[in-house]
Amino acid sequence: MKIKFYLVILLLSTAVFAQQKQVVTSVDSIKKKIGADFKLTLKTTVDSKSKVVFPKMKNIGALEVVQSYPVDTVKKDDRYELIKKYGLTQFDSGKYTIPSIKILINNKPFLSDSIKVEVENVVVDTIKQKMFDIKDIAPADNSPGDWWKYLLILLLIAGIGALVYWYVKKHQKKKADEEIYKTPIEKATSLLNTLEKKELWQHGEIKEYYSELTNIVRNYIEEAIEIPAMERTTYELIEGLKEASLKKKLKLSSETIENLFVVLKQADLVKFAKSKPLDYEITEDRKKMERAIVTLDKSIPVVVENNEEMLLNEMQRQEQLRKELQKQKKKRIVITVVSVLFLLFATTTFFIVTKGFDYVKDNIIGHPSKELLEGEWVKSEYGNPSVRVETPRVLKRIDLAKSLPKEGMTLIKEMQSFAYGSLMGNFYIMVSTFNYKQETQIDLSKALDVTLKSIESQGVQNMIVKQEDFETKEGIKGIKGYGTFSKIDGVSKSSTKLYYEVLLFRQEGGLQQIMIVHEEGDKYANEISDRILSSVELKKAQQ
């Protein structure tokens, strides 16, 4: 009956193929203390012409190879016995498996047997060992190590404030300019008054005074008469002004043009020849410039537009206004997007500095295990004998009957399995129940070994096994197997370490199993696992 029962447990296992015994495997002890060496011995018997290659390895499974001994050769009649020994150790307590090792005999691979060993903790003798009182809590180090965080926050706030202030002031200045300078003559007159208030020449800045004075006049001529005045020399400007007066029928006197020429020439001498006019000459030059632009403005003929021209100009003005509004709208959108991105960057930086990158990654970027933990949990019953458990998602029924040997199917009255996720994914949970036709004596430790072998058969490596008793809130006792193993990505060949927990319970006529697998170090997955295991409620099988 027991032999048939263990065939049933192999429903999670893959097929195992037997081979001819060519390598004899042994170990000096299956239990050792932490840090002690296991002596693994491999023996094979061959003829004198055979070539045997034992592998050179740094690790065998989860155990470290601390010593690789030379091969011993013992002659027996016309054959030779080759003996290879490895010294293996592990510094974490638990149950481990020394996996099969491939030995090449005449370039043909042969596998050694796998052996389970156990690493035990070193028991401390508290009677002989001198004990000491617990030390008082040491005061925390109050060194000023966080001041830079607050300084960075203040700088970020100040930067945001400066950006907003700059934008508002620029917008206000532009609006003010549009309201004040409605015509070229108003703009020129206002700028001349502002120039006088600066009192540049009174403070010895004569060159700067004449530069601003001539720039005001040249800008006015460009805007009012529409000739390029800024890039022309004095002579070219006067000639252009004379030509424009003829084409546009400007009523300009020779005296006005002469006064303008004299002041511009004086400005050239000040700027380029370091001439220093007297105070009354500077005052007179300013008056001449003011009279010149007033005369120029009065000389511009007033064009009386007919209805068609007025309509055309109005349409052009409306089109120009529409384009200007679109331009301002695009500008506002760009400024808004930049401001939002800047605020997002500042906020992200603030939380990284104060809370850490993991906080930002989990709460802003997102974390799959965190979403499972904080989602809506479901409490339901699965299988027979039923397992009532609370999970972050509803477990879906899966069919494992195809992997069950036909010999074992005759013993099972009912088998059900439910799962969420993937065994090789980020998070996986499976609940399986077996209800047998006849009462069967179940060895939970051996059932756990078979379950772990089924996991190993799926390509995992470096499995570490630990075992302890487990008891539900209702007092139902079982066992808990837990530890870690590594999964290998088939594409990138990268390795990820996973943590697993397996609960097994035997009841009258039934077996109940709960398996949880997730990435090691995932704090949210650890909370999910604890919550699931603490919610487990078991019921007896219905006969």
| query | side-chain contact (heavy atoms from CB on, under 4.5 Å) with Val52: which of Val23, Ile103, Leu104? | reply |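 The passing option is Ile103.
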| remark: Quick note, side chain to side chain donor-acceptor pair (under 3.5 Å) partners involving residues 94-105, not counting sequence neighbours, are Lys95-Gln467, Thr97-Lys116
Show the nearest heavy-atom pair for residues [X] and [Y], with the distance to one decimal.
X      : Y      : answer
Gly61  : Asn462 : O-OD1, 2.9 Å
Thr73  : Tyr80  : CG2-CD2, 3.7 Å
Pro392 : Leu372 : CB-O, 3.4 Å
Phe38  : Leu63  : CD1-CD2, 3.9 Å
Lys31  : Ser29  : O-OG, 2.8 Å
Ile115 : Thr25  : CD1-CG2, 3.6 Å

Can you measure from [atom1] ([X]) to [atom2] ([Y]) and round to the nearest 0.5 angstrom?
X      : Y      : atom1 : atom2 : answer
Ile514 : Ser432 : CD1   : OG    : 10.0 Å
Gln513 : Thr451 : CD    : OG1   : 4.0 Å
Ile516 : Ile429 : CD1   : CD1   : 4.5 Å

Below 4.5 Å, heavy atoms only, C-beta onward: do [X] and [Y] meet side chain to side chain?
X      : Y      : answer
Pro55  : Tyr86  : yes
Tyr382 : Val389 : yes
Leu503 : Lys480 : yes
Tyr69  : Thr41  : no
Pro99  : Ile60  : yes
Val119 : Asp92  : no
Phe470 : Phe505 : yes
His518 : Tyr499 : yes

Say whether, by atom type as modelled, one donor and one acceptor occur between the side chain of [X] and the main chain of [Y] under 3.5 angstrom.
X      : Y      : result
Ser534 : Arg531 : yes
Asn106 : Lys51  : yes
Gln90  : Ala62  : yes
Ser112 : Ile101 : yes
Gln512 : Ser386 : yes
Asp47  : Lys49  : yes
Ser535 : Glu390 : yes
Lys379 : Arg388 : no

Within the supplied structure, the quantity of interest is the number of heavy atoms (other residues, nucleotides, ligands) at a distance under 6.0 Å from [X] [atom1]; does it exceed 12?
X      : atom1 : answer
Tyr482 : OH    : yes
Lys39  : NZ    : yes
Lys75  : NZ    : no
Ile34  : CD1   : yes

| side chain to side chain contact (heavy atoms under 4.5 Å, CB included) between Leu82 and Phe54, worked out | CA-CA 10 Å; Leu82 303 182; Phe54 293 96; 4.3 Å; yes
| said: For a quick check under 3.5 Å, do Lys84 and Thr44 share a side-chain donor-acceptor pair by atom type? | reply: no
| task | State whether a side-chain donor-acceptor pair under 3.5 Å links Asn526 with Ser529. | result |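 Not at all, the side chains of Asn526 and Ser529 share no donor-acceptor pair under 3.5 Å.
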| said: Applying salt bridge (charged side-chain N to carboxylate O under 4.0 Å, His left out), can you list everything that pairs with Glu527, at least two apart in sequence or on another chain? | reply: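 Partners of Glu527 under the salt bridge (charged side-chain N to carboxylate O under 4.0 Å, His left out) test: none.
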| query | Partners of Glu81 by side-chain contact (heavy atoms from CB on, under 4.5 Å), sequence neighbours excluded? | reply |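 With sequence neighbours excluded, Glu81 shows a side-chain contact (heavy atoms from CB on, under 4.5 Å) to Lys43, Thr45, Val74, Lys76, Ile83, given in chain and number order.
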| said: Less than 4.0 angstrom from a charged side-chain N to a carboxylate O is my criterion; do Lys473 and Glu537 meet it? | reply: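 Salt bridge absent between Lys473 and Glu537.
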